[in-house]
Amino acid sequence: MSLQTIIDNTTYLTINKRKGAGVTVSRSGHIKTSVQQGSLYRFTVGAPQGLKYSDNRGLLESLDTLDITQESNVDIGDTNNNLSYLTEIKGTIGSPGTGAGLVMVGHSGSELYINFSGATGSGTILKKGDFIQPKGNTSTYRYPYQITSDVSATTSANVTVSVHRPVLTQDGVALTSGGVRLGEDCRFHLICANMPTYSVVPHDIIEFTDDFELIERLT
């Protein structure tokens with residue numbers, strides 16, 4: 001729970017999920033761009049302030065043994081409800097914490113196909129920017145997404161939900177069945193690309209040397 005503790009006590013959070021792109025200009029003035037397919041979630045997590053060393057030696061031990069190859073399964077806003085505004089569902093869909101009765105049907109490109117027959121709510125039940133994560137047939141699917149087009153109230157058995165990146169595959173997991181996670185219930189599988197060191201300063205306070213840089217791990 002070491003990275004979860006850092007996130008829950010962060011002083012600020014930067015979220016970067018934009019595609020990587022490069023631009024070159026030829027001698028004739030033509031501009032060429034190269035865009036990386038897909039995008040990864042990258043987080044800059046402001047180092048917590050005021051944590052007591054005497055209360056958090058276990059946390060520091062976990063951080064000391066964490067390396068860039070070891071991932072953490074974390075949430076934003078579920079463990080610490082004070083952060084839930086970052087990921088909360090803005091649509092009117094009922095019971096988002098339990099997946100609101102949504103069931104996966106399939107996917108293609110940057111689209112999820114979902115059975116909404118068990119959904120409740122009126123008007124716009126999912127809004128652009130809302131977080132969504134299929135569970136898959138094994139309930140172990142690991143990649144969250146953000147919705148790019150509003151979804152109006154419906155009980156259709158096959159609704160197209162557009163998301164911000166091409167749907168990623170995962171060995172042993174099919175997205176043709178299973179429920180979904182919504183909002184703060186979504187989980188991120190991250191590695192720590194930058195792990196700051198720390199000092200203990202008077203009296204009994206942990207002071208980190210830098211922010212934490214976390215990046216989504218693809219498998």
Side-chain angles (χ1 to χ4, degrees), residues 3-4 6-10 12-19 38-45 72-168 170 173 175-190 214 216:
L3 287 186
Q4 186 67 65
I6 295 299
I7 291 173
D8 289 344
N9 291 277
T10 184
Y12 72 90
L13 186 68
T14 300
I15 303 174
N16 180 5
K17 59 181 178 61
R18 295 176 179 174
K19 296 178 181 178
S39 58
L40 301 178
Y41 279 99
R42 298 173 174 85
F43 301 96
T44 300
V45 181
S72 296
N73 181 351
V74 302
D75 66 79
I76 301 174
D78 188 28
T79 307
N80 181 359
N81 290 332
N82 291 326
L83 297 177
S84 63
Y85 69 93
L86 291 169
T87 52
E88 67 178 337
I89 291 294
K90 294 298 185 180
T92 63
I93 196 164
S95 304
T98 60
L102 304 185
V103 179
M104 287 297 303
V105 176
H107 68 90
S108 179
S110 299
E111 296 176 339
L112 302 174
Y113 305 138
I114 301 176
N115 183 342
F116 272 67
S117 60
T120 60
S122 60
T124 303
I125 56 176
L126 289 175
K127 287 191 174 182
K128 183 188 297 186
D130 282 348
F131 285 81
I132 187 169
Q133 182 178 30
K135 292 183 179 180
N137 63 321
T138 61
S139 294
T140 59
Y141 186 72
R142 53 188 289 126
Y143 303 114
Y145 301 87
Q146 283 178 262
I147 296 170
T148 58
S149 296
D150 292 349
V151 178
S152 299
T154 178
T155 57
S156 171
N158 193 338
V159 177
T160 297
V161 177
S162 299
V163 293
H164 78 280
R165 60 180 174 180
V167 178
L168 299 165
Q170 181 178 334
V173 180
L175 299 185
T176 54
S177 62
V180 302
R181 298 179 185 272
L182 294 172
E184 58 264 32
D185 194 38
C186 292
R187 297 297 185 265
F188 298 84
H189 294 258
L190 308 173
L214 311 180
E216 190 175 28

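The first residue in the sequence is number 1, and the count goes up from there.
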Exercise for review: Go through Met104 and Thr176 one step at a time and tell me if the side-chain contact (heavy atoms from CB on, under 4.5 Å) criterion holds.
Suggested key: CA-CA 6 Å; Met104 287 297 303; Thr176 54; over 6 Å; no
Revision key, fill the gap. Ala153 and Gly121 have their tightest heavy-atom pair at CB-O, 3.8 Å
Review point. Would a distance-only check, ignoring hydrogens and angles, find a side-chain to backbone donor-acceptor pair under 3.5 Å from Asp75 to Asp78?
Key: yes
Practice item. Using modelled atom types only, decide if a donor and an acceptor are shared between the side chain of Glu88 and the backbone of Glu184 within a distance under 3.5 Å. Key: no
Check your understanding: Taking Thr10 for the side chain and Tyr12 for the main chain, is one N or O donor matched with an acceptor at less than 3.5 Å?
Key -> yes
Review point. Side-chain donor-acceptor pair under 3.5 Å between Ser156 and Asn158, yes or no?
Key: no
Point to revise | No-hydrogen, no-angle side-chain donor-acceptor test under 3.5 Å, Thr140 and Thr138 | key: yes
Check your understanding: Just by modelled atom types, is the Lys90 backbone N or O under 3.5 Å from a matching donor or acceptor in the Asp130 side chain?
Key -> yes
Check your understanding: Within the distance-only criterion (no hydrogens, no angle test), does the side chain of His164 pair as donor or acceptor with the backbone N or O of Gln146 below 3.5 angstrom?
Key -> yes
Check your understanding: So which of Leu112, Val159, Ile114 actually passes side chain to side chain contact (heavy atoms under 4.5 Å, CB included) with Leu102?
Key -> Ile114
Check your understanding: Should the ring pair Tyr141 and Tyr145 be called parallel, tilted or perpendicular, given that the plane angle runs from 0 to 90° and is split at 30 and 60?
Key -> parallel
Revision key, fill the gap. Distance col, row Leu214:CG vs Leu190:CG, nearest 0.5 angstrom, shows 5.5 Å
Check your understanding: Do the two ring centres, one from Tyr41 and one from Tyr143, sit under 6.0 Å apart?
Key -> no
**Study point:** Main-chain N/O of Thr148 paired to Ser162 side chain as donor or acceptor, under 3.5 Å
**Key:** no
Point to revise | Atom pair OG/CD1 of Ser95 and Ile89 - distance to nearest 0.5 Å | key: 12.0 Å
Review point. Val74 and Gln4: which non-hydrogen atoms are nearest, and at how many Å?
Key: CA-OE1, 3.2 Å
Check your understanding: Which pair of heavy atoms, one from Ile7 and one from Leu83, lies closest together, and at what distance?
Key -> O-CD1, 3.4 Å
Practice item. Working to the nearest 0.5 Å, report the span between CD1 of Ile132 and CG of Leu182. Key: 5.5 Å
Check your understanding: Considering all heavy atoms of both residues, which atom of Asn137 and which atom of Ser177 are nearest to each other, and what is their separation?
Key -> CB-OG, 3.4 Å
Check your understanding: Which distance, rounded to the nearest 0.5 Å, do you find between the CG of Leu13 and the OG1 of Thr44?
Key -> 8.0 Å
Study note, to complete from the structure: Value for CG (Leu86) from CD1 (Ile15), rounded to nearest 0.5 Å, stands at 6.0 Å
Check your understanding: Step by step, would you call Val151 with Phe116 a side-chain contact (heavy atoms from CB on, under 4.5 Å)?
Key -> CA-CA 11 Å; Val151 178; Phe116 272 67; 4.1 Å; yes
Check your understanding: Do you know which two heavy atoms are closest between Cys186 and Pro144, and how far apart they sit?
Key -> CB-CB, 4.3 Å
Study note, to complete from the structure: Separation between CG (Asp185) and CD1 (Ile76), nearest 0.5 Å, reads 13.0 Å
Review point. Which atom names give the shortest non-hydrogen contact between Ala157 and Val105, and what distance separates them?
Key: O-CG2, 3.5 Å
Check your understanding: Is the closest basic N to carboxylate O distance between Arg187 and Glu216 below 4.0 Å?
Key -> no
Exercise for review: Taking Ser117 for its side chain and Thr155 for its backbone only, find out whether a donor-acceptor pair lies under 3.5 Å.
Suggested key: no
